[in-house]
Amino acid sequence: MANFLAQFQTIKNTSDRLVISVEDVSDVWPTVKPAFEARLPFKRATLNNKTRNPVLVEALPAEFILTTDARLRSRFPHEQFLFWFREPYATIVLVTCEDLDEFKTILKPRLKLIVQNDEREWFVVFVSKAHPANDQASKMAKKVYAKLEVEFNTKKRERCCKYDMHFPEANFWEDLESKVMECIRNTLDRRVQFYEDEIRKLSEQRLMPVWNFCNFFILKESLAFMFEMAHLHEDALREYDELELCYLETVNVTGKQRDFGGADHGDDQAALVNPGNKALTQIVQEDSFREFEFRQYLFACQSKLLFKLNRPIEAASRGYSFIISFSKSLALHERILPFCMREVWVTTACLALIEATTSNYKDGLVAPDMEKEFFRLLGDLYSLARVKFMRLAYLIGYGADIERSPVNSASLSLLPWPKPAVWPTVPADASTEVLEKEKLILQTTSRTKSFGIQRKPLPLEPTVLLREANRRRASLSAGNMSEMFDSRQGPMEGSGFDTPTRMSPPPKALASSSISRTNSSPGNFEGSIDRPMRLAEIFIAAEHALKKTISNPELWKSLSSSEEFEQKYLDLTRGAADNYHRSWWKRHGVVLDGEIAAVDFKHGHFDQAAKSYEKVCALYAGEGWQDLLAEVLPNLAECQKILNDQAGYLLSCVRLLSLDEGLFLTKERQAFQSEVVRLAHSEMKDPVPLDVSSLITFSGNPGPPLALCDKDPGILSVTVWSGFPDDITLDSISLTLNATYNTDEGVKALKSSTAIVLHPGRNTITLDLPPQKPGSYVLGVLTGQIGQLRFRSHSFSKVGPADSDDFMSYEKPAKPILKVFKPRALVDLDAAVSSALLINEDQWVGILVRPVNYSLKAAVLHIDTGPGLEIKESHVIEMESSAGVSENDGDQVQNDGAEIRTLNSDKNFERLILRDGKIEFPNWASDIPSILWVLVHAISDTLSRGSSSATTRRESIVDGMRTIALKLEFGAFHNQIFERTLAVHFTYPFYVRTRVTDKCNDGTLLLQVILHSEVKATLTIYDAWLDLQDGFVHTGQTEGRPNSSFFPLIISPSSKAGILFSICLDKANVEETREKPESILNIKYGISGERTIGAHPPVMNRSTGVDGARQELIFRSAITLQRPVLDPCLAVGFLPLPSDCLRVGQLIKMQWRVERLKDLDEAGVSKQNDEVLYEVKANSGNWMIAGRKRGYASLSPQQGARIIISVLCMPLVAGYVRPPLLGLPDVDEANISCKPAGPHLVCVLPPPLSSSFCIPVNP
Amino acid sequence: MVREVSESCVDSLLTEMVACYCNRFYANKPELAARRIEAIGYQVGHQLSERYTMERPRFTDHLEAIKFICKDFWSELFKKQIDNLKTNHRGTFVLQDNKFRWLARMSVDPSIDNASSVEDNSAPTPENKAAQAMSMHLYFPCGIIRGALSNLGIPCAVSADISNLPACSFVVRIKA
Amino acid sequence: MIVCVAVVGHQNNPLYIQSFTEADDALKLHHIVHCSLDVVDERVNNPKKSGPMLNETFLGLLYPIENYKVYGYLTNTKVKFILVTTDLDVKDADVRNFFRRFHAAYVDAVSNPFHVPGKKITSRTFAERVSTIVKSFGFSSAG
C-alpha cells in the first residue's frame, strides 16, 4: 500500500475542507449558488468528537461541489476508503417544480433513484421560482412541496426544506445549516467508526511479522487528517500521538536493519515545524519509515496542531524533550551521519522551535506561572543551542574566544566529543589554511587575569581534543598503531586550548614541518594517518567537514569568522539570559549575564560588564558560594579599576581579601592588599568609609572583663584578628564602648592616634582608657584610618572559650569587656597605736595603711601635723608590713592562720625618708597592709599638775590630743585620693595625787604622793625628790628623797604607786612673801614599752649612743601643798534626826550645830563680822529642800558660841542615801572639823502604807 | 544504630546542668543562666529535629509541624505524646503534657531551694522558690521545642507553665 | 558515575560540596549545583507543578540535560541535597536509596555537638561516609 503514499500526500495537501455535493436535479444551482456559498464557512457548527461528545467548531470551512464535477467523478471506488476524508459529507438535492403531474411522473422516480443509495447523507431543497405576485403559481409550488414532504420526510427525520428564490423565509438558512450539519455529523461519525475499526484490526496483528506499519500509518493519518479537516484538532493531535507511540515501539524492536535517514543534503536543518519538508515517499522506503525524517514529520504535524490549538507552551515543552530524546537517537546513529550532524541539528532545531513558538505566542493570555514556565523553556532551548553552537565553534578553533567560565565548562566538558565513523582529515589543498590557523593559535594568548591570579583554566573539552581526534584516526589504521601513537602522544599530552601556555610545537619546528608538508606530494597524505594530526590540522579538517555538513548558509556564516561566531554566541546567550530572567530561574539568567559581561569586557565595554558582574557577584555573595564568587569577583574588580570607580574597587578588593584563604594564593591575596593600601594612600576624590567587618574582627580578651574602680583610668587590651595576608598599618584606630545598662548613655570612643601594625591573625592592641562612669561596657564598633581611608568594622570575632558554648550569636549577650565599680573605700588609714604616747618625747606614731582589694602601687602619703606636734624631718621613717590579720581580703577577717604565718614569715621592713612631707610607698606595700612608723614629738609647755586628794582632777583628755593630717595619693595615675586626720593621744607618764596621810604630834606631816601610771608601759622609777615650796621643809636628812630602799620602783601599766615624804611646816619665815608658790616633784624614771602598744622609750638621736641600756627620763610635776590647819576654829556637827524613821515623802528637819572652837582672831578670818555663810548641798534627786539652801547665820565671835542651822527637807527615795551636807563656803576647809567626820548615810524607809503608795512586801 | 540512654542519666544530667548554670556560672544572673540553658536546649532541639524528621514528607503548614512535635518528636523524647494541644488559630499553640517526665521525679528539696533563691534576694516563700527551681528546669525543654520548630522553619517563642504539677504546658507563640 | 554531591543549607548556602572528578574542575560542578537550586526553588514555590510527589523529600530529576543528570532532595529543615551524575540511565530507586543513606550520614554529622549549624560541614568521618555511599551507588538495589 506504500505506493499510495505519494497520492495520499498530494490529496492531503490539496483537500483542506469538507465537501458537500450538490445534486442539481433541475438546473437551479447556478442561480442559487451565490446565495448558498455566501453562507460559508458554517458558523458555530457542532460536531461529535472521537468519543461522540459534541464539540463546538467556530467556523467550519466547507465547499459545495456539483456531483457532476470532475473532481468527484474521476475516482476509483477501491481507493475510496483510503482517502475517505475527501468524500462528500453531505448531498443536497436541488429540485424545483411547478406541476404536480410532472412531479409525480418525472421528478419523484428520479429523486427516489438518487436517494436510494444510502451511503450518502442527503436532503432535498425545494426551490420555488414562483413570484409572490403570481399567487396562483406560488399556490402550486406549495402544493408540490407538500407532496415532496409527504414523499421524503420520515417521522424520525425530515429531509426537505423549501427555498423561496425571491423571498426566502427567515428561518430557511438555519434550517438548511442544521440539516447540513446533521448530515456532516452522521457522515463523520460513520467514517470515524470505519477508520477505528480498520485501525483496530491492524493494531491487533501489530506484532506479526507480516504487519506493515505503512498501512497503519495511512489509516491513522487519514483519521487524524479527517479530524483536522473537521477542525477537531484535539482528536487529530491524539491520533498523531498514538501514531508516534506506535512508531517508537515498532521502530525500536530491532527487526531488520532499517535505514535511519538524515543522509540527504539539508537534513542538518531540523524540520520540526514544517511537515511538508519532505515528501512521504522520501521518508518511506520498502515500507519502513526512516526514523530521522519520520519522527520529525510527526512532531511537525503535532506542533502544527498545537499551534492551531493555540498552545505554543505545550509545543515548546514537547519540542524540548523531543529534541533531547532525538539528539540521543542521533548519537546512536552518529557513525552513519555526517560529521557533527547531531550538534548542527540540535542547534537548528532549537532555533526553529524558538522562532515558531514565540511567533505563535501571544502575551498575557495564560496564567503568570505558565508564562514563566514558557520563558524557562525558551531559555532552555536557547542555552541548548548555545552549547551545541559553542561545541561546533570549538571544533573549528574558536575555543580561544570562549570564556572558560564555570557555566561553559560545565556544559562543554561534560558533553562528549562527536564520534564520527572517521575523524575528518585535512583536505589536500588546505595547507595554507593550516598555516594560518597555526599562526592564529600561536597568537592567541590566554587572557591574563587581574592581580596576576594564576588559575588552571577550566576545561572546555571532555577529553583532550588532540588526543581524541588522533585516536579516532588511528583506530582506523593498524591495530597497534594506537598504542605506538599513544606513546608518541605522551609529551604532547594535554596540549590544546586547555593549556595555551605550552602550545604544542615551537614555531621553528612548526615552520619546518609545515614546509615539509607544503612541498610534499598529495600521496603523502595517506601517511597522515600514522602521523598524528596537529591541532591546527584538526581544526581545519573539522572546518571542512562542517562546511559539508552545514547546509544553512546563515549558520555557516556565523561560524565563518571569530567575529561572526561571537555575534551569534552573544545572541544565543542574550536570548537564554533574557528568557531565564523572565522565568523562575533567576540564577541561570544572572550567570549567563556574567558570560555576556565577559564578552563586553573583552570589547572594552567595561561599564556594562561591571553592571553584569555586579549582579553575578551579588548572587554568589548573597548565598555564600565563595568558590564561584572568587572566579568572578576579580573581573569585577578589574572593571572597576579601569572605570576608576575607586570606592567599588576598594570594596571589591576587601571582599576578595575576605574570601576563604584557600581560594587564593598568598601572593594573590598580597596583591589585593597592596591594592587596598595603595588606594588608601592615594588621594581619593570621595573617601568613602569602608566596611572591613569581614577582614578585621575584634573581641575582648577571653577571661574576666577588665575591672576598674570608679574614677580609675585603665589600659584596655583588645584582641584584633586581621584577615590581611600581610602586616597592615592602621594609622589610627578608635574603638567605641557601649554601656550595657544605660543605653541612653552615649558611646565612648577610645582613640589611639599612634599607628598600629596588625599582623596576620591574632593581635592584641592596648588602648588607654579614661575614667568611665560606673557600669559595665561592651565593645561597640571599631573604626580607623588607613591613609585617607576611613574603615569601620562592627563584627566581633567568635573566638575564645567564652563563646564556644552557644552558637547563636544573636542569642548571646555581648560579653562585657569592662566593668567600672561604684565608688567604694579603697584604702583605710588608721593609727596603729591605741594607747597614749609620751608627751614631750620623741615617740613613734604608727599609721596603719590597709588597702581594700586595691593596689597601692607607688602611692604617695602626705603627712601634715597639727599644732603642738612636729615630725622629726631628720629621722627616717620605718615601714613594715603589718602582721596579724590580713585585711587584704577584708570580707573574711582572720581567715586560716596559714596566711598570717606567711605574712609574718616574710615580714617586710624598710626605712624611708620623708621628703617635704611626702612618702613614696615601696612596692611590697602595695597590696598588703602595712604600718608606717613616724617619729613625732608632741610639745606641751605646761607642766603636769598634781592634785590633792580633796580636789578632783582638773586637766581633761583633750589637751593631750594631737592631730596628724594624712593624704594618700594612689591609683595607677595617682588619681585616687584618700584623706584622713588621725588623733593621737599624748600624755605624761604619771598623774600625781598627794594627800597628807598623817600628822604626828611633833608636827611632822606624812605626805603621800600617789603616782598613777598613764601609759600602757612598764615604768621604772629610779629616783624621786621633792622640791618643797616655801613654808615647808623636809624633815631629816633625806634632801627631800624618800629612803632609797624604795627604788627602783616598778609600776606596771595603768597601776598606781605611792611614795611617802615626811615634811613639816617651816615655823621660821611664815610671814615673808612666798616666791616658791608650789613644790615640784621630780621623778627620774625609765620606760620600757612597745611602740605598737603605746608609749615606749623615746628615740635617742644618734649623738648619744646610749640606746636604751638605761635610759633615764625626768618627769616633773607641780604640786601645791597647803598649810594644814592644826586647830580648826569651827566645828560642824550633824544633829541626830528627830525621829529615827525617815520616810519617803515625809518632811523632816535637818539640823546642824555650828560651834566656834576658839576666838575669832584676825589671823583666822579677816575683818568679816560675826556672820557665817552657809550652804546646804544635797542631791536634788534624793532630797527636796524646803527651806532656803543658802544664807547667813549670825555667830558671835566668842569661843564656844554655837548656833543651830536647821533645814526642812523631804527624802524622795527610799534606801540609804547621803543626807544633805552643810558647807561653809567662806571658811577654809582646813579650819573646819566635822563630827562625825566625813559623809555618812541615813536610812530612808519607804512611804507608809496608804492608798496612794504600795510597797512590795519583801520577806 | 539507635543508641539510647537511661532516663535517670538524662534526669540527673538536666538537674546537674541547671545547678551548674544557676549556682556556679551565673550565680547572680538568673536571666543569663536561663538564657544559656535555653540556648543549649535550642541546639539539642535543632539537631534532634534534624534526625526525627528524616524519612517523612515535608510539612505544609505550621499545624503539621506542631503536630509532629506533639506526636512523634515527643514520643521519641519521652515515650509518650503530648496529651492536649490547643490553639487560637492565630499562631499560638498550647501543648500540655499531663505528666511531664522531667518534672515527675522532681521534689523541692532545700538544695534546689537555695539554688533558686540565689536569684532573688527578696526572701521568697517556699512555694515560689520551688516554682523558680522548676522554671529553671523548664528552660531546657522550652529551648528544645523552640530549636526543633525553628529548624523546621518556624521561628517562635516558647514558654512553660507549671500551674498544676506534674502537668506542664508549653506555650508556643509563632513569630509572624 | 556520580560526579558531585552537595549539601545546601536552607539559605541556599553551600554546606558541603564534594566532587568526584579527577580533574580539578570542581568549579563547574559548583555552578551546576548552584543553578540546580533554581529548580528546587521552582518546585517549592509553586507546588502544584510537582504534582503527585508533593512535599516528598525526594525531588527527583531536576534537569533533563542530555549529558548529565541532577537529582534533588529537600529535607524538612529546608536543607537540600544535590546529586550530579553522568550516567544517563539511573534508576530512581537507586537515587532514593542513595539520598536516604546520605541523609542519615548528614544527620549524624550535624548532630555532632561541636558542629555549628549553618556552617560548613568539615567532619572527616562524614566525608568518608559520603565517599563510601557514593562508591556503592547503584549496586545497592541493582546488585
Side-chain angles (χ1 to χ4, degrees), chain A residues 320-321 323-325 327-328 331 342 346 368-370 372-373 376 380 383-384 387-388 404-416 455-460 462 498 580 583-592 619-620 622-628 630-631 660 798 804 806-808, chain C residues 1 3-4 6 8-15 17 19 21-49 61-70 80 84-89 110 113-120 122:
Chain A
Y320 184 68
S321 43
I323 291 173
I324 295 288
S325 70
S327 142
K328 283 202 188 67
R342 179 188 181 196
V346 171
D369 56 346
M370 283 306 294
K372 283 182 179 299
E373 174 69 6
R376 200 264 300 163
D380 279 346
S383 51
L384 183 54
V387 170
K388 298 299 184 182
R404 298 176 163 278
S405 60
V407 49
N408 289 347
S409 170
S411 41
L412 282 182
S413 70
L414 286 173
L415 186 65
R455 260 308 151 76
K456 184 168 181 304
L458 290 168
L460 296 180
D498 279 351
Y580 278 138
S583 78
W584 290 106
W585 292 13
K586 302 298 175 211
R587 294 184 183 81
H588 286 75
V590 174
V591 169
L592 287 174
L619 173 68
Y620 287 150
E623 297 181 338
W625 291 76
Q626 296 210 341
D627 306 58
L628 293 168
E631 189 70 9
D660 289 345
K798 296 267 168 293
S804 61
D806 60 358
F807 53 85
M808 292 158 294
Chain C
M1 81 179 206
V3 190
C4 176
V8 182
H10 75 286
Q11 290 154 324
N12 292 333
N13 50 326
L15 296 181
I17 289 194
S19 59
T21 53
E22 60 285 347
D24 56 354
D25 50 2
L27 212 50
K28 72 185 183 196
L29 299 168
H30 280 245
H31 161 77
I32 292 172
V33 173
H34 179 246
C35 279
S36 68
L37 294 178
D38 271 337
V39 193
V40 178
D41 289 353
E42 187 180 8
R43 294 273 181 86
V44 175
N45 288 344
N46 41 9
K48 64 174 173 301
K49 286 181 63 182
L61 180 64
L62 302 181
Y63 268 129
I65 300 292
E66 57 174 338
N67 46 357
Y68 59 87
K69 291 193 169 195
V70 182
K80 304 152 189 83
V84 185
T85 172
T86 49
D87 48 13
L88 299 179
D89 47 357
V110 296
F114 297 105
H115 165 74
V116 180
K119 293 274 172 296
K120 283 191 162 51
T122 54

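For chain A, the nearby parts of C/Leu27 are the backbone and the side chain; heavy atoms of each come within less than 4.5 Å. Looking at A/Tyr620, only its side chain comes within 4.5 Å of chain C, counting heavy atoms on both sides. Of the atoms belonging to A/Val591, it is side-chain heavy atoms, and not backbone ones, that fall under 4.5 Å from chain C. In this structure, the portion of A/Leu384 lying under 4.5 Å from any heavy atom of chain C is its side chain and not its backbone. In this structure, no portion of A/Ser325 lies under 4.5 Å from any heavy atom of chain C. For C/Val8, the part sitting under 4.5 Å from any heavy atom of chain A is the side chain, from C-beta outward, and nothing else.
For the atom pair CG (A/Leu460) and NZ (C/Lys28), the distance works out to 9.5 Å, reported to the nearest 0.5 Å. With values rounded to the nearest 0.5 angstrom, C/Ser36 atom OG is found 11.0 Å from C/Leu29 atom CG. Atoms CZ and CG, on C/Arg43 and C/Leu62 in that order, are 5.5 Å from each other to the nearest 0.5 Å.
Listed here is the closest heavy atom pair of C/Ala26 and C/Ser19: CB-OG, 3.6 Å.
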Inset, instruction - Could you please spell out the steps behind the side chain to side chain contact (heavy atoms under 4.5 Å, CB included) verdict for A/Arg587 and A/Glu623? - result: CA-CA 11 Å; A/Arg587 294 184 183 81; A/Glu623 297 181 338; 2.8 Å; yes

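Put simply, of C/Val3, C/Asn13, C/Leu37, C/Asp41, the one with the most heavy-atom pairs under 4.5 Å next to chain A is C/Leu37.
Judged as a ring-ring contact (aromatic ring centres under 6.0 Å, His included), and not counting sequence neighbours, the contacts of A/Trp625 are C/His34.
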